[in-house]
**Q** 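Got a structure for you, questions after.
Side-chain atoms are counted along with the backbone in the values below, which use heavy atoms only and exclude waters and symmetry mates.
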Amino acid sequence: MEDISDFKLLAETEQLLMEAPEGKVSAEDFAALEDKFFVAADNKYYHHFSFEKWYPTRYNDLDNILEDSVIDLMSAYACSYPEKFLKHDHRKLQAPLVHGLILCIISGQKQAEALAEALFIEPIDYEMASCAMACGILSRNLDFLNNLLDMYEIKAHFYDCFCMDMYARASDMGIADLFDDMLKNASYEDIKKLIKDWSMLGVYPFSTEDNRINKYEIEYIYELVSKTPRAWDGRSVSDTVNELIWDCGIHSSFSYDFFSDDSSEDATEHLARAWDFMKEHGLSFRDLGHLPTINNKSSSKAQDKLLFLKEHLFPVLDEKLYITVNDYSIGDRRLIMDIIDDIGSSRVALDCTTRRNSFHSITLRPSIISPLIRKGVKVVLDENIRNSCFIYELLNCGISLLEVMLNKDVFSDEQLGVITDICIERKCLDALNVIRKNLSQRKGEK
C-alpha cells in the first residue's frame, strides 16, 4: 500500500473492528464504512488488488493487507446484523466477500450463510459457487452445504456449479448422500457433462497426495448413475454407464501409465480392481483406442503383462469393438492384433468416418492399415461416402491400401459404384485402374 488513503481506510476499519465486540458499532456504522469502500472501488485508485475481481488463490499477501481488513469487516457485519447485511448489494466488494465466505465456511462460522446469500444472486458466478461447495465438502460443513443447496439460485444452476471432482471427494468422505435430492432429476446429458468436465479423470488413488482419491473413476461414475434414475431412460444402470463410457471416452483413462517398465505393483493391482469391478457390474469397453502399451514384447515381462490383460481386460471388452484409423496408427498395433487373435475379427470394426478421424497420407500407409484389413475386421465408412475424407485420401494416395480393401470385399456394390464415379469425376486414374482390375478378376472367377 503506497497511497496514504489506503492507510486511512485501513485505520478506520481496524478501529471499527476493535469496537464491534463491545457493542459500540451499529449496522449503520458498518454500512457507512462499506460505502467508503464502494467509492474506492468506483474510483479504482487502489493499485495492488481489485475489490471486484476475485481469484481462488491470492499470490502476494503483502498486497492484500487492506483486503484482509475488508474481509474481516464484511464477516463481522454479516455476523452482527445478518438481516440488515442482506438488504445491501455488496457485489462491488466481491473479492473480499468471496474470500471471507471461504474462510467462514472452513472455520464453520455462522455468518457463512449470510455471505453466501449476498453473493449468489443472479447472475451468479459458477466458479465462485463451485469454490463454496468444494469448501463445504472438504471442511464437512454440512449445515452450510444444506443451506447452499436450498438456495433457489444454486438449485437452478446446480450442474454448472457441481462437478465429479466434488462427488468423488464427498463419496470418499461418506457425505455423497447430501446430493441425492439434487441428482435424482439429473438427465443423461447432465451426467455426461459432469464426466466430460472431470479434471480428475485419470487421477488414481496412488497418485500424489494432493490429488488422492480412494477409488477408480469408474466406481464413482457407477455410484453416481445409480442415484440418477431419470438418466437411465428405460435402461439399466449398467447399460447407462456403458453408454457413458463410450460417449465420454472414459476408456482413455485406462491407458499406458501402468505398463511402463517402472510401473508399480500397486498401480497394476488397482487397475485389475477397476476392470474386475467392471466385470462384476456388467460394464464394458467398446473402444480399443488408448489401450495400455506393452513395450519390448519379446521379453518375459511383456508376456506377463499380456497375460494380465487377457485375465482382466479382455473379459470387459464389448461384443462389438471399434478402433479409429487415427488411434490404430499411433497405438499399440501388435496388442490390437493379439486381441483380434484372441476374440476374433468379427467383433472388431475399423472406424474410418470423418467425424472421428483426421486423415492424411501417413495415416493411410499400407504397412500400418493393411494387416488389420487382412485380419477381416469390419470397416465403418461415412454414410455419404462422396463427402468422406477417408475415401478422398484413399483414392489419391492410398492405392495399395485400396487394393487390399478390394480384395477383402470391404465395399458393397453400391459403395463401389459411387467410388468408381468419384474416380472418373476427379480423374483418379490409378485408383480407377485398380478398381477395374479387381472387377475383372471377380467376373473371371464367376
**Q** Would you say CD of E414 has more than 12 non-hydrogen atoms from neighbouring residues, nucleotides or ligands within 6.0 angstrom?
**A** no

**Q** Using the six-membered ring of Y188, assess whether NZ or CZ of R230 lies under 6.0 Å from its centre and within 45 degrees of the ring axis.
**A** no

**Q** Where is the tightest heavy-atom contact between N242 and S284, given as atom of each residue plus distance?
**A** OD1-N, 2.7 Å

**Q** Take atom CG of D413 as the centre, draw a 6.0 Å sphere, and report whether it contains more than 12 heavy atoms from other residues, nucleotides or ligands.
**A** no

**Q** Answer whether the closest heavy-atom distance between the side chains of R91 and I121 falls below 4.5 Å.
**A** yes

**Q** I'd like to know if the side chain of Q94 pairs up with that of H99 as donor and acceptor (distance under 3.5 Å, no hydrogens or angles considered).
**A** no

**Q** Taking the side chain as C-beta and beyond, is there a heavy-atom pair between T324 and D327 under 4.5 Å?
**A** yes

**Q** Under 4.0 Å between a Lys/Arg side-chain N and an Asp/Glu carboxylate O for R334 and D338?
**A** no

**Q** Once you measure the plane-to-plane angle for Y322 and W246, does it fall in the parallel (<30°), tilted (30-60°) or perpendicular (>60°) bin?
**A** tilted

**Q** For V70 and L93, which heavy atoms make the closest approach, and how far apart are they?
**A** CG1-CD1, 4.3 Å

**Q** Can you tell me if CD on E383 sees more than 12 non-hydrogen neighbours from other groups inside 6.0 Å?
**A** no

**Q** Between K215 and Y220, what is the shortest heavy-atom contact and its length?
**A** N-OH, 3.0 Å

**Q** Are side-chain heavy atoms of L402 and F411 found at a separation under 4.5 Å?
**A** yes

**Q** Can you check whether N326's main-chain N or O pairs, donor with acceptor, with S329's side chain at less than 3.5 Å?
**A** yes

**Q** Mind listing the closest non-hydrogen atom pair of L149 and M133 along with its distance?
**A** CD2-CE, 4.4 Å

**Q** Apply ring pair (Phe, Tyr, Trp, His ring centres under 6.0 Å) to F144 and list each qualifying residue two or more places apart in sequence or on a separate chain.
**A** none

**Q** More than 12 heavy atoms of other residues, nucleotides or ligands under 6.0 Å from NZ of K375: is that the case?
**A** yes

**Q** For F277 and Y216: C-alpha separation, side-chain torsions, deciding distance, then whether ring pair (Phe, Tyr, Trp, His ring centres under 6.0 Å) applies.
**A** CA-CA 9 Å; F277 175 89; Y216 209 87; 9.8 Å; no

**Q** Have a look at V241 and tell me which of I218, L224, I191 forms a side chain to side chain contact (heavy atoms under 4.5 Å, CB included) with it.
**A** I218

**Q** What orientation do H88 and H90 show, parallel under 30°, tilted 30 to 60°, or perpendicular over 60°?
**A** parallel

**Q** Judged by atom type as modelled, is there a donor-acceptor pair below 3.5 Å linking the side chain of N433 to the main-chain atoms of L429?
**A** yes

**Q** More than 12 non-hydrogen atoms from neighbouring residues, nucleotides or ligands closer than 6.0 Å to CZ on F158, yes or no?
**A** yes

